[in-house]
Number of protein chains: 2
Amino acid sequence: MLSRKCKYAIRAVLFLSVECKDGCKLKGGREISDSLKLPHAFTGKILQQLARQNIISSAKGPGGGFYLSDDNRKKPLIKIIEAMGDVSVFSSCGLGLSKCSDTQPCPIHDSFKTCRDELLQLFSTKTISDLSEEIVKSNLSLVR
Amino acid sequence: MLSRKCKYAIRAVLFLSVECKDGCKLKGGREISDSLKLPHAFTGKILQQLARQNIISSAKGPGGGFYLSDDNRKKPLIKIIEAMGDVSVFSSCGLGLSKCSDTQPCPIHDSFKTCRDELLQLFSTKTISDLSEEIVKSNLSLVR
DNA sequence: AAAATAAAAGTCTATTTAGTCTTTTATTCT
DNA sequence: AGAATAAAAGACTAAATAGACTTTTATTTT
C-alpha cells in the first residue's frame, strides 16, 4: 500500500507524539530508530525530510533532536503521506490505467474507488494528536 | 497497491477473456501487449508465468498463442494476484508491523483492516467471466 | 523433412526504492 | 574561544522491481 519509507515516517511521527508529550523533551534520531527498530541512517533521512516539510520540528546541537509543536500535532496523517510522496495511491486506478475515471471506468473502478476513498477518509480525518491519544489510551503498538 | 506486474497481468487476462470468447481464437503475446500498450517482452514473461500456474492456457507453434479455457474463466481475480505474488497486501499491516493483529493492533488497525477486507472481498468474488461480461456490457476500458 | 511460427526459458540491463557513510553546519556547555 | 553534540546535507551502495534480448522447444504448414 504505502512505501516502507512512508510507513516508517508515520511510525516515527506517532512515536514522537506519544513520547515527548507536554514536558516536550526532544528525541534524537538514534533513539527514535532504536525504539522503533528501524535502520537508523535511513530513519535520519526521513526525519530530516519531515522536518524540512514542517511535519515535525527539530533542534540542532547538544540536547537537540526532534519534537512536535502544537501546530505539528494538529495535522492529519495524510500530510505525512504527502510529504513522503505516496499520496497518489489514493487517486490512481486499481489496474494502473491513467485515464480511468467515473466517466471512463476500468472494470473494477466503482468498488475499488469506494475502498480507496474510505482509506483516504481515514488518513485525512485522523490527526496525529487523535492517534496519539488512542495509542496511550489503548496501549497500541508502533514496533514490530 | 498492486505491483505493475500484477496490474498488467489482470489486464492481460481480462483482455483475453473478452477477445477470445466462444470461437476461442488464440491471441499471440505480441497482439496482447500491443493492444494493451504494454512492454511486449515483459508482458511475455507475465503471460508465461500465468500459463505455468494455470491461470491462462497456451499453445505453441503457428496459430498458437494464449487463451482461456472454461476452467480458467471461472477463477476469481485473486488467483491472478496470488500467481503474481502480490497477495500479502491483503493481510499485512498498514504501518508495516509484522505482529499487528486484532489482539495487538497498530494505531490504524481497525479501519485499515476493514478497507483491506473489502478489497479482498472484491477480488475474491469477481471472477474473470463476471468481469468479462461487465466489460462487454458496459464497454469498460482496459487500455490507458 | 524442412521452414516457419510462437511460446518457454534463461540471461542480461535499467530504474526505483531502500539504505549507508562521510562531511558540514548550528547550538550548547565548559 | 574551544570541545562536544546532534541535525542537515550530500554522495555513495544494495536490493528489488521492471523490462529487454537471445536461445531453445514444441507445433504446424508446405
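Just so it is clear: chains get the letters A, B, ... in the order the sequence lines come, proteins before strands, and each one is counted from 1.
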Here the distance between atom C1' of dA8(C) and atom CG of Leu26(B), to the nearest Å, is 16 Å
If we ignore angles and hydrogens, is there a donor and acceptor under 3.5 Å between the side chains of Asn72(B) and Ser69(B)?
yes
With under 30° as parallel and over 60° as perpendicular, where do the rings of Tyr8(B) and Phe42(B) fit, or are they tilted in between?
perpendicular
Please classify the nucleic acid contact of Gly29(B) as base, sugar-phosphate, or nothing, using heavy-atom distances under 4.0 Å.
sugar-phosphate
Backbone N/O of Ile80(A) and side chain of Lys75(A): donor-acceptor pair under 3.5 Å
no
In whole angstroms, how far is the P atom of dA6(D) from the OH atom of Tyr67(A)?
16 Å
Can you tell me how far C1' of dA7(C) sits from NZ of Lys27(B), to the nearest Å?
17 Å
Given atom CD1 of Ile46(B) and atom P of dA20(D), what is their separation to the nearest angstrom?
10 Å
Quick test of your reading of the model: are Lys5(B) and Asp86(B) salt-bridged, counting only N-O distances below 4.0 Å?
no
Rounded to whole Å, the CD-P distance (Gln48(B) to dG10(C)) equals 10 Å
So does Glu31(B) get a backbone contact from the side chain of Asp34(B), meaning a donor-acceptor N/O pair under 3.5 Å?
no
At under 4.0 Å between heavy atoms, how does the protein contact nucleotides 16-24 of chain C? Give one character per nucleotide, 5' to 3', with B, S or -.
--SBB----
Side chain Arg116(B), main chain Val89(B), donor-acceptor under 3.5 Å
no
Determine: side-chain N/O of Ser58(B) to OP1/OP2 of dA6(C), distance under 4.0 Å, yes or no.
no
Between residues 80-90 of chain A and DNA chain C, which residues have a heavy-atom gap below 4.0 Å?
none
Spacing of Glu31(A) atom CD relative to dA6(D) atom C1', expressed in whole Å
13 Å
Counting any heavy atom closer than 4.0 Å, what does Arg52(B) reach on the DNA or RNA strands: base, sugar-phosphate only, or nothing?
sugar-phosphate
Those residues at least two apart in sequence (or on a different chain) that pass side-chain hydrogen bond (donor to acceptor under 3.5 Å, both in side chains) with Glu134(A) are Lys126(A)
Expressed as a whole number of angstroms, how long is the span from Leu47(A):CG to dA8(D):P?
8 Å
Within the distance-only criterion (no hydrogens, no angle test), does the side chain of Lys7(A) pair as donor or acceptor with the backbone N or O of Leu97(B) below 3.5 angstrom?
no
Using a 3.5 Å distance criterion without hydrogens, assess whether the side chain of Ser33(B) forms a donor-acceptor pair with backbone atoms of Arg30(B).
yes
Quickly work out the Leu50(B) CG to dA7(C) C1' distance and round it to whole Å.
13 Å
